[in-house]
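Worksheet for the structure shown next.
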Number of protein chains: 2
Amino acid sequence: MYKEKEDLHAVQKDYYKDNRKMYVAIDCIIFGFDSGNLKLLLFQRKVAPLSGEWSLIGSFVNLDEDVSAAAERVLEETTGLKNVFMEELKVYGAVNRDPGYRCISVGQYALIRLNEYDKELVKEHGAAWYDVNELPPLVLDHGQMVKDALAKLKQKARFQPLGFELLPEKFTIPQLQSVYEAIFQKELDTRNFRKKVFSHNVLVKLDEKDKTSSKRGAFLYKFDRKRYKRLIEQGNDFEVL
Amino acid sequence: MYKEKEDLHAVQKDYYKDNRKMYVAIDCIIFGFDSGNLKLLLFQRKVAPLSGEWSLIGSFVNLDEDVSAAAERVLEETTGLKNVFMEELKVYGAVNRDPGYRCISVGQYALIRLNEYDKELVKEHGAAWYDVNELPPLVLDHGQMVKDALAKLKQKARFQPLGFELLPEKFTIPQLQSVYEAIFQKELDTRNFRKKVFSHNVLVKLDEKDKTSSKRGAFLYKFDRKRYKRLIEQGNDFEVL
DNA sequence: GATAATAAATGTAAATTATACATTAATTTT
DNA sequence: AAAATTAATGTATAATTTACATTTATTATC
């Protein structure tokens, strides 16, 4: 267990003496993508006040745990997933954001592939996927967190290849377009979209088709992270719009 | 003084019982601009360990204080400035980032006008302006904070009008170009730069010249926040590059 | 008071990128 | 064999970006 190193600070004990410690939590804004829509994984709050209400999943940060590690822990506990895209959104630090103890929370948004997460675990947690356009009211400032996360996603996706994080490793171009249409809330032109994504030279065409959504079938592609790395090293962005 | 509301949580005391409270601090990355260079305001650390070393200015967040309010407080205490551009950078939450107590810090970067701050106050605090390209070693993870802040500034300045925050209310176009050259670390073409900034229609030309840097003198301009607001409401960005 | 010196201000042509838009291709079902 | 369905593709026009050199206003100097 983590132990404070009192000695180091012995000299200026007074500086620290008044108790300004507080709880630090993380809350996960977990996005998925399915049949044309962005989805959000919601949980039923287990502790009073507001027990039973819909909420993001979160946790206190332990004293012997990095803030980012706490977020990764929670994500794994609830979805079974490690090493997925997760990034800090922002700090929610208002004094009265939690009606109980003083507690700040670091919002962390994650993008996951709906074909990869552990459905048993999610069921055990009594969690459910909601369309981001049809969310129930959320506890505390969680509604604001979701709003902020959606805005950030929209922003970031313009220049970073976030769309791929929401699709299976193998995906079709129509699927990719659909993800971006959901993120940007805007219809995109097929021909211009294809031109643009291909122009970056980071997609690898496979010798395989997905026939789940058409008779003709659409070719599957993979995102090539090495080529993407080269792209940004040359000072370019991955633009979609 | 802030008082925990124990009653509300009485039922699940056990959930909170193990002490996971920690210190929450903010650290200010305060940028200025002078004679072609970005400057950073640095302080000499007052508490052990590392007392006397160069450091960002920071503070613990009080229990009855919003996180953002703590940052505003510190900025005002050290520079006398209120209502200047300040934004969250990110959370520094590694377990061992501070060799003393467990303490996470929220980096907050500010852009200030060097003609406006309170020089007496800064002197009292034993602070000094350093060129961002000639920084001394900084304590803890403060060097990383500065690096991150510079990267974020570079990113954000591409689409948000941050350059103006570093100049006096009245400025010349050559000064503005110089700010952006410092932010982007790149020389810009005079004619193309002017074309671009004027194209957004957010600069008001004054009937006044600044003759401090040329015989001919350069016209002064003001940034028109109302027109900028209109610009973004129409879904446009303020692009400079 | 003419000349030199200095930084400010301006325009244009070529290249690149973005936009708008309609048809053909592959496959399965009937 | 025909119909139905989604995937895939190209081109012309408009808009934007880039590269680049000269003139202008003013002060200092001779």
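So you know, we letter chains A, B, ... as the sequences are listed, proteins then strands, and number each from 1. Quick caveat, the model's predicted, so the values are computed rather than measured. Note that these values count all heavy atoms, side chains included, but never hydrogens, waters or copies made by symmetry.
Rounded to an integer number of Å, the gap from CG of B:L188 to C1' of D:dC20 is 15 Å. Taking atom CG of residue A:N192 and atom P of nucleotide D:dA15, one finds them 15 Å apart after rounding to whole Å. Separating the CD atom of A:E239 from the C1' atom of D:dT16 is a distance of 13 Å, rounded to the nearest angstrom. If you measure from atom CZ of B:F198 to atom P of C:dG11, you get 12 Å, rounded to the nearest angstrom.
Dashed line: the shortest gap from a side-chain N or O of B:R194 to OP1 or OP2 of C:dA9 is under 4.0 Å.
Note: A:F238 and A:Y180 have tilted aromatic rings, judged against thresholds of 30 and 60 degrees for the angle between ring planes.
Residues A:F31 and A:W129 place their aromatic rings such that the two centres sit no closer than 6.0 Å.
In this structure, B:T79 contributes its side chain and B:E76 its backbone to no donor-acceptor pair below 3.5 Å.
A donor N or O paired with an acceptor N or O is found under 3.5 Å between the base of C:dT19 and the side-chain atoms of A:K195.
Looking at residues 199-221 of chain B, you'll see B:K209, B:K211, B:K215, B:R216 sit with a heavy atom under 4.0 Å from some atom of DNA chain D.
Smallest separation of non-hydrogen atoms from A:G58 and A:D27: CA-OD1, 3.4 Å.
Looking at A:S68 and A:D66, their side chains never bring a donor and an acceptor atom within 3.5 Å of each other.
Each of B:Y221, B:F85, B:F171 was evaluated against B:F164; a single residue qualifies, B:F171, per the ring-ring contact (aromatic ring centres under 6.0 Å, His included) test.
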